[in-house]
Amino acid sequence: MKSLAIFLYTLSLIFQVGASYQSFRLINIVKKYRFTCIALTVALTFMIGRRIVPLINIYEHSVFDIKDAVLSLPISLLLFVGVFGIKSALSEIRKENSALETLNAKDSLTMALTKKETYVRLKKEISRGERSLHPLAFLMIDIDHFKSINDQYGHMVGDTVLKNLSLFCQHKLRDIDIFGRFGGEEFLVACPETNAKAALEVAERLREAIAKESFAMVDGQEVTLTVSIGISIFDPQSAHHDSLDLAMDQYIDYSDKAMYCAKNAGRNQIKIFDEQMLRSFNGQTTGNS
């Protein structure tokens with residue numbers, strides 16, 4: 001009976017330690033209820049003593065209670081199973097929530113970032129740029145004559161073109177670059193730590209690569225396209241703004257104006273924003289009012 005009691009208490013101790021360890025891992029999983037998880041971990045850790053003391057009594061005094069030994073095993077086992085089950089369930093929920101967040105952050109068609117998520121990441125990048133004093137380049141990309149593609153091949157082919165263009169651009173860009181769908185056939189790229197010269201090089205590589213690529217196939221015919229790209233540069237060393245929203249909106253608008261200048265100049269080209277463009281657009285607004 002003594003050997004049986006030692007065996008039962010030893011198994012109980014193992015499961016009790018396991019339950020305490022699993023509850024400890026819950027602390028980082030359920031951050032909102034961290035205090036509750038800490039309290040559970042402390043309680044289960046103290047209960048380890050209830051498994052060690054009987055073993056000490058057996059070895060030192062040969063005193064044991066076989067009924068207590070028998071009951072200790074299912075109690076510790078059930079505690080382990082229960083805590084492990086809770087941890088597994090919460091881990092699964094966290095994974096599902098993370099997958100859902102990722103899904104919500106991506107445009108369902110193009111797998112580019114949604115406009116909302118693009119804004120969120122742009123604010124963080126502008127804030128980081130202001131701290132590090134590194135420039136941030138904005139590239140507004142618009143497909144030339146996209147309506148003609150839809151009219152000639154249909155909207156399903158148009159959707160395929162958008163999807164493939166998005167994936168193509170993301171493959172060409174760096175992991176740290178932000179790539180979001182800004183409108184129907186417009187995409188916004190933000191390149192951290194990129195000055196005007198580097199932004200022009202990035203835009204030119206993209207423009208040339210896109211012009212050489214096929215983005216859909218219809219009846220054996222390749223669907224090709226060109227893009228117009230507008231660039232603006234947020235330089236925290238020379239530009240200061242009262243808010244991140246103001247800075248973000250302003251430089252997105254600048255890149256958009258530069259893109260329209262590229263369109264007006266004949267398409268399939270790049271324009272970088274300057275003050276002359278702003279005066280030109282202001283003059284058009286005044287003339288139309």
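Nearest heavy atom pair, residue Ile178 against residue Thr118, reads CG2-CG2, 4.2 Å. Here the closest heavy-atom approach between residue Gln170 and residue Thr110 is recorded as NE2-O, 4.0 Å. Closest approach of Met259 to Ser228, counting heavy atoms only: CG-O, 3.7 Å. The minimum heavy-atom distance between Ile233 and Pro135, with the atom names listed, is CG2-CB, 4.2 Å. Counting all heavy atoms, side chain and backbone alike, Lys271 lies closest to Ala265 at CE-CB, 3.9 Å.
For the salt bridge (Lys or Arg N to Asp or Glu O under 4.0 Å) test, no residue two or more places apart in sequence or in another chain qualifies with Asp274. In this structure Thr226 satisfies the side-chain hydrogen bond (donor to acceptor under 3.5 Å, both in side chains) test together with Asp144, sequence neighbours excluded. Under the salt bridge (Lys or Arg N to Asp or Glu O under 4.0 Å) criterion, Glu208 pairs with no residue at all, not counting sequence neighbours. Under the rule for a salt bridge (Lys or Arg N to Asp or Glu O under 4.0 Å), the partners of Lys123 that lie at least two apart in sequence or sit in another chain are Asp245.
Ser166 places no side-chain N or O within donor-acceptor distance of the main-chain N or O of Leu162, the cut-off being under 3.5 Å. Looking at Ser3, its side chain never comes within 3.5 Å of a backbone N or O of Met1 through a donor-acceptor pair. No donor-acceptor pair closer than 3.5 Å links the side chain of Ser20 to the backbone N or O of Gln16. At distances below 3.5 Å, at least one donor-acceptor pair connects side-chain atoms of Gln237 with backbone N or O atoms of Leu133. Side chain of Arg51 to backbone of Phe15: no donor-acceptor contact under 3.5 angstrom is found.
One finds the CD1 atom of Ile141 at 9.5 Å from the CD1 atom of Ile270 (value rounded to the nearest 0.5 Å).
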Anything under 3.5 Å between a donor and an acceptor, one on a side chain of residues 211-218, the other on a protein residue two or more places apart or in another chain? List them.
{"unit_1": "Ser214", "atom_1": "OG", "unit_2": "Ala216", "atom_2": "O", "d": "3.1"}

Side-chain donor-acceptor pairs under 3.5 Å in residues 149-158, sequence neighbours left out?
{"unit_1": "Asp151", "atom_1": "OD2", "unit_2": "Lys147", "atom_2": "NZ", "d": "2.8"}
{"unit_1": "Tyr153", "atom_1": "OH", "unit_2": "Gln221", "atom_2": "NE2", "d": "3.3"}

For residues 199-206, tabulate all N or O donor-acceptor pairs below 3.5 Å that involve a side-chain atom, not counting sequence neighbours.
{"unit_1": "Glu204", "atom_1": "OE1", "unit_2": "Arg207", "atom_2": "NE", "d": "3.3"}
{"unit_1": "Glu204", "atom_1": "OE2", "unit_2": "Arg207", "atom_2": "NE", "d": "3.4"}
{"unit_1": "Glu204", "atom_1": "OE2", "unit_2": "Arg207", "atom_2": "NH2", "d": "2.6"}

Taking only distance into account, with no hydrogens and no angle test, what donor-acceptor pairs under 3.5 Å do side-chain atoms of residues 67-74 form with protein atoms, sequence neighbours excluded?
{"unit_1": "Asp68", "atom_1": "OD2", "unit_2": "Tyr9", "atom_2": "OH", "d": "2.4"}
{"unit_1": "Ser72", "atom_1": "OG", "unit_2": "Ser12", "atom_2": "OG", "d": "2.8"}
{"unit_1": "Ser72", "atom_1": "OG", "unit_2": "Ala69", "atom_2": "O", "d": "2.7"}

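Grouped with Phe24 in one hydrophobic cluster are Ile27, Ile38, Val42, Phe46, the linkage being side-chain heavy-atom contacts under 4.5 Å among Ile, Leu, Val, Met, Phe, Trp and Tyr residues. Leu246 belongs to no hydrophobic cluster, as no Ile, Leu, Val, Met, Phe, Trp or Tyr side chain comes under 4.5 Å of its own.
Applying the ring-ring contact (aromatic ring centres under 6.0 Å, His included) test to pairs two or more places apart or on separate chains, those with a residue in residues 250-276 are Phe234-Tyr251, His241-Tyr251, Tyr251-Tyr254, Tyr254-Phe273. Identified under the ring-ring contact (aromatic ring centres under 6.0 Å, His included) test for residues 115-145, with sequence neighbours left out: none.
Electrostatic pairing of Glu117 and Arg121 counts as a salt bridge here, judged by a charged N lying under 4.0 Å from a carboxylate O.
Counted within 6.0 Å of NE2 on His171, heavy atoms from surrounding residues, nucleotides or ligands total 12 or fewer; the atom is thus considered open. Remark: Lys163 NZ is loosely packed, at most 12 non-hydrogen atoms of other residues, nucleotides or ligands lying under 6.0 Å away.
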